[in-house]
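In the text below, chain A, chain B and the rest are named by the order of the sequence lines, each starting its count at 1. Quick caveat: nothing in here was measured; it's all calculated off a predicted structure.
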Protein chains: 2
Amino acid sequence: MTQAPGTRRDIPDATVARLPVYLRALRALTAAGIDVVSSEDLAQAAGVRSTGLRKDLSHLGSYGVRGVGYDVARLSDEIARELGLQHDWAVAIVGMGNLGHALAAYSGFATRGFKVRWLVDEDPEVIGTVIAGLTVIGFDELAMVAGDGLIAVIATPPTAAQDVADQMTRMGVRSILNFAPCVLQVPEGVEVRKVDLATELQILAFHEQRGRDEDDDAARLGVHAARVAEAAR
Amino acid sequence: MTQAPGTRRDIPDATVARLPVYLRALRALTAAGIDVVSSEDLAQAAGVRSTGLRKDLSHLGSYGVRGVGYDVARLSDEIARELGLQHDWAVAIVGMGNLGHALAAYSGFATRGFKVRWLVDEDPEVIGTVIAGLTVIGFDELAMVAGDGLIAVIATPPTAAQDVADQMTRMGVRSILNFAPCVLQVPEGVEVRKVDLATELQILAFHEQRGRDEDDDAARLGVHAARVAEAAR
DNA sequence: CATTGTGAACTTGTTCACAGCT
DNA sequence: AGCTGTGAACAAGTTCACAATG
């Protein structure tokens with residue numbers, strides 16, 4: 001079986017995770033009026049190495065010109081297409097606490113392919129109130145209006161998160177962004193990504209502690225002065 | 001040179017990133033009154049495979065008992081120690097917009113080893129106001145009070161983020177959690193972790209689109225009925 | 001004898017070196 | 001001449017199979 005036209009040339013997960021970053025950098029270049037960029041410069045802007053960038057882009061096909069670089073507009077389109085961003089995706093935010101509020105008001109979604117279309121809560125006190133121009137609805141109402149391809153953002157307390165996930169998957173949602181600090185159990189085929197603030201801080205704490213120990217080692221070895229000098233450029 | 005006591009047996013990054021999840025699961029077990037757990041059960045709770053969990057824990061040392069499992073309290077302590085969570089870490093949140101507000105009010109930090117100690121903004125209108133029980137201060141004031149080991153959370157618009165990062169690193173901060181959708185340039189030795197909401201959604205969009213295409217393929221191949229039956233268990 | 005801990009096999013991701021184009 | 005695209009080497013991470021052991 002050969003590669004049919006339009007067949008998924010499968011792109012490594014690590015590459016997919018970087019495409020949004022490239023896209024953002026490309027959009028910034030467009031805004032700056034730059035329309036051709038080398039892998040070296042784009043890599044710099046995206047915080048990766050040029051050789052890795054080229055390998056990533058090679059998975060999408062050959063859109064660069066040797067000796068010249070990449071056409072910014074063309075590459076943007078190509079990446080956007082690959083990520084499925086030709087049209088906007090509808091997003092439902094569930095859980096209207098502090099975080100839910102902030103997410104509802106966050107302007108960064110609209111410019112990057114997402115339309116917050118529904119705000120959901122289970123508290124009757126909250127249902128019906130208007131947040132950031134949208135009326136908060138309950139699950140039953142969401143179940144009636146939710147279309148295909150809806151992306152759910154869970155911003156509830158962790159105790160409620162699994163129940164919310166169950167309800168969402170039952171109504172056909174296949175993509176979930178989970179802000180609740182807990183592991184979600186979902187049926188196969190449902191993709192969950194998590195954002196866990198405390199976890200991120202704990203990872204930083206590990207490195208902070210390690211850095212400290214290294215400083216101790218350095219001091220013991222008398223390297224400290226050299227390091228300070230270096231830090232001062 | 002042999003492994004001195006207390007020397008960094010270096011733990012793989014991938015393992016470090018999972019330790020917080022294990023810790024959370026262990027704390028939940030403690031709360032439930034369970035004091036011994038098998039790798040199988042803990043892995044389930046943490047959303048990983050038992051064999052991977054055991055490999056991860058093996059990097060910390062041997063704290064399990066063969067034929068029995070792990071002592072929940074002991075393992076919790078061990079992981080907390082490894083992450084440097086014996087004492088709380090001070091956190092400064094910079095940028096008091098929507099997101100900054102929500103983060104300042106977020107209760108999930110305190111219970112997991114972090115104390116939000118400073119709220120920072122550059123707007124004179126905002127400086128001096130009280131948010132979640134803390135008075136917002138300016139950078140100059142932060143520079144005077146900030147001690148060693150401070151963790152900075154950047155919740156400013158992307159245009160301000162690099163400047164903030166520069167100021168923070170200049171005052172000795174070595175750990176940054178960046179919520180602004182941009183790449184930060186920092187000196188060597190400074191650890192940056194980023195949380196980018198739109199990026200996460202774009203990764204989900206990729207999988208959502210791919211799932212859709214696969215459904216199309218399946219339908220074309222007449223596999224759809226089988227899949228539906230399977231999904232219904 | 002159930003369960004941990006681990007070398008070895010495998011898979012995925014990154015870097016290097018350089019051939020291939022324009 | 002300059003920059004992309006890519007196979008080959010290397011490194012990191014995951015899974016497997018099973019020996020070790022309380």
Side-chain angles (χ1 to χ4, degrees), chain A residues 3 8-22 25-26 29 34-76 78-79 82 183 203 206-207 210, chain B residues 3 8-22 25-26 29 34-76 78-79 82 183 203 206-207 210:
Chain A
Q3 177 106 335
R8 214 113 20 267
R9 37 202 172 318
D10 60 357
I11 300 175
D13 287 348
T15 296
V16 172
R18 281 184 296 260
L19 291 180
V21 180
Y22 301 156
L26 287 164
L29 290 173
I34 294 166
D35 44 35
V36 175
V37 68
S38 68
S39 64
E40 194 59 59
D41 291 353
L42 182 55
Q44 169 85 27
V48 301
R49 294 176 185 283
S50 65
T51 160
L53 170 65
R54 291 204 301 276
K55 178 74 86 181
D56 281 342
L57 295 184
S58 78
H59 290 111
L60 314 192
S62 297
Y63 298 117
V65 179
R66 293 166 201 240
V68 180
Y70 299 89
D71 182 288
V72 172
R74 169 120 191 262
L75 190 53
S76 291
E78 216 47 65
I79 293 177
E82 200 59 63
V183 175
I203 296 169
F206 173 84
H207 289 290
R210 204 181 47 154
Chain B
Q3 176 106 337
R8 217 116 16 271
R9 39 207 169 317
D10 61 359
I11 301 176
D13 287 347
T15 296
V16 172
R18 281 183 296 259
L19 291 180
V21 181
Y22 301 156
L26 286 164
L29 290 172
I34 294 165
D35 43 35
V36 175
V37 68
S38 68
S39 63
E40 193 60 60
D41 291 353
L42 182 55
Q44 169 86 29
V48 301
R49 294 178 186 283
S50 66
T51 163
L53 170 65
R54 291 204 301 278
K55 179 72 89 183
D56 281 340
L57 296 184
S58 77
H59 294 295
L60 314 192
S62 295
Y63 298 117
V65 179
R66 293 169 199 239
V68 179
Y70 298 88
D71 181 288
V72 172
R74 169 119 192 263
L75 190 53
S76 291
E78 216 46 64
I79 293 176
E82 199 60 62
V183 174
I203 296 170
F206 172 84
H207 289 291
R210 203 181 48 153

Nearest whole Å is fine: how far is [N] [atom2] from [X] [atom1]?
X	N	atom1	atom2	value
A/Asp13	C/dT14	CG	C1'	15 Å
B/Glu78	C/dT4	CD	P	17 Å
B/Leu53	C/dT3	CG	P	14 Å
B/Leu42	C/dA2	CG	P	21 Å
B/Lys55	C/dA9	NZ	P	13 Å
A/Asp71	C/dT22	CG	C1'	15 Å
B/Arg74	C/dT4	CZ	P	15 Å
A/Leu75	D/dG5	CG	C1'	14 Å

Selected nucleotide, minimal atom distance to [X] side chain, candidates [options]:
X	options	result
B/Arg49	D/dT15, D/dG7, D/dT14	D/dT15
A/Arg18	D/dG7, C/dT14, C/dT4	C/dT14
B/Ser58	D/dT6, D/dT4, C/dT6	C/dT6

Taking the side chain as every heavy atom from C-beta outward, state whether [X] and [Y] have any atom pair closer than 4.5 Å.
X	Y	result
B/Tyr22	B/Asp56	yes
A/Ile34	A/Asp41	no
B/Tyr70	B/Leu26	no

Could you list the protein-to-nucleotides 17-20 of chain D atom pairs, N/O on both sides, closer than 3.5 Å?
{"from": "D/dA20", "atom 1": "N3", "to": "B/Arg66", "atom 2": "NH1", "distance (Å)": "2.8"}

[X] to [Y] - nearest heavy-atom pair and separation:
X	Y	answer
A/Glu78	A/Tyr63	CG-CE1, 2.9 Å
B/Ile203	A/Pro20	CG1-CG, 4.1 Å
B/Val72	B/Val36	CG2-N, 3.8 Å

| query | Applying the side chain to side chain donor-acceptor pair (under 3.5 Å) test to A/Ser39, which of A/Lys55, A/Arg49, A/Arg54 qualifies? | reply |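 Checked A/Lys55, A/Arg49, A/Arg54 against A/Ser39; only one passes side chain to side chain donor-acceptor pair (under 3.5 Å): A/Arg54.
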| task | Check the pair A/Val48, B/Val183 against side chain to side chain contact (heavy atoms under 4.5 Å, CB included), reporting the backbone distance first and the verdict last. | result | CA-CA 10 Å; A/Val48 301; B/Val183 174; over 6 Å; no
| Taking for each residue the nucleotide of DNA chain C bearing the nearest heavy atom, is the 5' side occupied by B/Val37 or by A/Pro12? |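 Its nearest nucleotide lies further toward 5', so the answer is B/Val37.
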| query | When the C1' atoms of the five terminal pairs at each end define the local axes, what inter-axis angle does the helix from C/dC1-D/dG22 to C/dT22-D/dA1 show, to 10 degrees? | reply |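 About 10° separates the two local helix axes.
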| request: Would you tell me if any nitrogen or oxygen in the side chain of B/Ser38 comes within less than 4.0 Å of OP1 or OP2 on C/dT3? | output: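 No, B/Ser38 has no side-chain N/O under 4.0 Å of OP1/OP2 on C/dT3.
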| query | Counting only side-chain N and O atoms of B/Tyr70, is one of them less than 4.0 Å from OP1 or OP2 of D/dG22? | reply |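 No, B/Tyr70 has no side-chain N/O under 4.0 Å of OP1/OP2 on D/dG22.
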| What's the spacing between A/Glu40 CD and A/Thr51 OG1 if we round to 0.5 Å? |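 The OG1 atom of A/Thr51 is 10.0 Å from CD of A/Glu40, to the nearest 0.5 Å.
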